[in-house]
Undergrad: 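Below is one structure. I have some questions about it.
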Amino acid sequence: MAKSAFLKSSLAKKYWMALTGLFLCLFLSGHLAGNLQLLVPNNALNFNKYALFMTSNPAVKILSYLTYLSIIFHAIDGIMLTIQNKAARPVGYAKSNASANSAWASRNMAVLGTIILVFIVTHMVNFWAKMHFDKNMPLQTITINAQGQSQEFYITTDGGYLPKMQVDNKMIIIKDRTDFYDAGANVKVKEGYKDLYKITIAFFKDAKYGLIFTLLYVLSMLVLSFHLLHGFSSAFQSLGLNHAKYTPTIKAFGKGFAIVVPLLFAIIPIYIHFFLKA
C-alpha cells in the first residue's frame, strides 16, 4: 500500500517529470547538433546521411522509442500534476501576489508544455511522418554536366550514382521507397537516400506559407525557452540534488541552455527562409 501511495503521489510524479525532462534535454542537444548541418552550404548529402543513420541505426532506434515514450509520459505527468495541484487548492486565496512569489514561467508550465506538445505533433507530421511513411518521399539526386550535356543521377548509399533515366525508362524500378532493382533480373542493385534536406528546405521556403511556418517555428522556440528556464533547474530540485556549492552553477547552466538551444533551433528556419539561395 505504501508503494502504491508513493507511485500515485505528487512527489513520484515530480521525480518522473524531472527524469523525463532531463532525458528530453539530452535529446534536444543531439537533435540540434544534427539540424545545425542545415546551416552549412551545399550540405544536402551529409544531412541526408545523418537522417538515414538516425532512422536505421539499431541503437538510435532504441533511443528514439525512449524519446517518444518520454514525451508522452512527460506530457501526461504534467497534466496530472497540474490537476492534482489545483485539486489541492480548490479555493483561491483572498489576496495573492503570484508574480512576487514565483517566476512567470513556473506559473505557466502547463500552458507552455501544451503549446510545445502541439508543436511536436505538427513537427512530426511535417517531417518525421514523411520520412517514415510518405510513399512520395523524394530520393536525393544530383545533376552532372559532362561534354555540354546535363544528366540527372540518383546518389546511392555506396558512394555511387545511378542514372535517373534508367528509372524513368523502367530499366530500374524502385521498391520499398529507397531500393533500386534491376527490372529484368529483379535483383537489388543500389540503395538511395531519402531527400529530407529537400523536404525541409521546401517547407520553410514555400512561396505561400513559408514565412508563416518560419514565424510559428520561431515562436515555438520562444515558448520552449521559457519552459526550459524553469524546467531545467527545477528538475534537479525535484530530484533532491540541491547543494549550496553546485546549485548556482546548475541554475546558470540551465539558463544558458534555455537560451542558446532554442535560439540555435530558431536560427535554422530563419536562415533557410531569408538567406538560403534555392
Side-chain angles (χ1 to χ4, degrees), residues 24 26-68 71 119-144 152-162 164 167 174-180 188 190-214 216-218 220-221 224 261-262 264-278:
L24 291 173
L26 289 175
F27 162 75
L28 280 175
S29 301
H31 192 48
L32 175 62
N35 283 10
L36 285 175
Q37 295 182 75
L38 291 165
L39 299 178
V40 180
N42 303 315
N43 201 41
L45 180 57
N46 286 331
F47 183 76
N48 288 332
K49 285 182 177 180
Y50 153 76
L52 176 61
F53 174 79
M54 294 298 290
T55 54
S56 60
N57 183 274
V60 174
K61 280 187 175 182
I62 293 173
L63 287 174
S64 296
Y65 297 141
L66 286 175
T67 301
Y68 307 149
I71 291 171
F119 166 77
I120 290 172
V121 172
T122 56
H123 188 70
M124 292 184 73
V125 168
N126 289 312
F127 299 102
W128 180 88
K130 286 187 177 181
M131 182 73 178
H132 284 79
F133 307 114
D134 190 355
K135 294 181 180 180
N136 296 318
M137 181 78 184
L139 298 179
Q140 186 177 359
T141 61
I142 185 173
T143 300
I144 298 176
E152 193 171 7
F153 293 82
Y154 287 104
I155 300 177
T156 57
T157 56
D158 60 358
Y161 302 94
L162 184 73
K164 188 174 180 296
V167 175
I174 300 175
K175 293 184 178 183
D176 299 323
R177 298 191 295 154
T178 58
D179 297 336
F180 297 104
K188 181 178 176 179
K190 299 277 187 178
E191 183 177 350
Y193 289 103
K194 294 177 183 177
D195 202 347
L196 184 61
Y197 181 90
K198 182 178 181 179
I199 292 293
T200 305
I201 301 304
F203 182 81
F204 290 113
K205 292 191 77 69
D206 183 83
K208 191 173 182 180
Y209 298 109
L211 179 59
I212 296 175
F213 294 153
T214 300
L216 288 176
Y217 192 101
V218 171
S220 298
M221 291 305 101
L224 175 63
V261 171
L264 289 176
F265 269 116
I267 287 173
I268 295 171
I270 291 173
Y271 166 76
I272 292 173
H273 183 79
F274 292 104
F275 303 104
L276 183 65
K277 294 182 180 179

Undergrad: Would you say I174 and L139 make side-chain contact, with heavy atoms under 4.5 Å?
TA: yes
Undergrad: Quick one: does any side-chain atom of H273 pair with a main-chain N or O of F204 as donor and acceptor, under 3.5 Å?
TA: yes
Undergrad: Check whether K205 reaches the backbone of I272 with its side chain - one donor and one acceptor, N or O, closer than 3.5 Å.
TA: yes
Undergrad: Assess the side chains of T143 and E152: does a donor N or O sit below 3.5 Å from an acceptor N or O?
TA: no
Undergrad: Looking at every non-hydrogen atom in both residues, tell me the closest pair between Y271 and P41 and how far apart they are.
TA: OH-CG, 4.3 Å
Undergrad: Check the surroundings of atom NZ in K208: do more than 12 heavy atoms from other residues, nucleotides or ligands lie under 6.0 Å from it?
TA: no
Undergrad: So which atom in G30 and which in Y50 form the shortest heavy-atom distance, rounded to 0.1 Å?
TA: O-OH, 4.4 Å
Undergrad: Heavy-atom distance under 4.5 Å between the side chains of F53 and V60, does that happen here?
TA: yes
Undergrad: Does D134 have any salt bridge (Lys or Arg N to Asp or Glu O under 4.0 Å) partners at least two apart in sequence or in another chain, and if so, which?
TA: none
Undergrad: Are the side chain of N57 and the backbone N or O of A59 linked by a donor-acceptor pair below 3.5 Å?
TA: yes
Undergrad: Which pair of heavy atoms, one from N43 and one from Q37, lies closest together, and at what distance?
TA: ND2-O, 3.2 Å
Undergrad: May I have the step-by-step check of side-chain contact (heavy atoms from CB on, under 4.5 Å) for T156 and E191, ending in yes or no?
TA: CA-CA 5 Å; T156 57; E191 183 177 350; over 6 Å; no
Undergrad: Less than 3.5 Å apart, which donor and acceptor atoms pair up between the side chains of residues 121-132 and the rest of the protein, not counting sequence neighbours?
TA:
| from | atom 1 | to | atom 2 | distance (Å) |
| --- | --- | --- | --- | --- |
| T122 | OG1 | V118 | O | 3.1 |
| T122 | OG1 | F119 | O | 2.9 |
| N126 | ND2 | T122 | O | 2.9 |
| W128 | NE1 | Y68 | OH | 2.8 |
| H132 | ND1 | W128 | O | 2.9 |

Undergrad: Does T67 reach the side chain of L24, with side-chain heavy atoms less than 4.5 Å apart?
TA: yes
Undergrad: Exactly one of I201, N35, D195, V40 should register a side-chain contact (heavy atoms from CB on, under 4.5 Å) with F47. Which one does?
TA: N35
Undergrad: Report the relative orientation of the aromatic rings in H31 and F265; use parallel for angles under 30°, tilted for 30 to 60°, perpendicular for over 60°.
TA: tilted
Undergrad: Considering all heavy atoms of both residues, which atom of F180 and which atom of G192 are nearest to each other, and what is their separation?
TA: CE1-N, 3.5 Å
Undergrad: Checking side-chain contact (heavy atoms from CB on, under 4.5 Å) for the pair L216/T214: CA distance, chi angles, key distance, verdict?
TA: CA-CA 6 Å; L216 288 176; T214 300; over 6 Å; no
Undergrad: Below 4.5 Å, heavy atoms only, C-beta onward: do F153 and T141 meet side chain to side chain?
TA: no
Undergrad: Given ring pair (Phe, Tyr, Trp, His ring centres under 6.0 Å), test Y209 with F203 step by step and report yes or no.
TA: CA-CA 8 Å; Y209 298 109; F203 182 81; 9.8 Å; no
Undergrad: Does a side chain donor of either Q140 or N48 reach within less than 3.5 Å of an acceptor in the other side chain?
TA: yes
Undergrad: Do I270 and I267 come close enough that some side-chain heavy atom pair is under 4.5 Å?
TA: no
Undergrad: Less than 4.5 Å apart, any side-chain heavy atom of K190 and any of T157?
TA: no
Undergrad: For the aromatic rings, using the six-membered ring if either is Trp, is the centroid distance between Y193 and Y154 under 6.0 Å?
TA: no
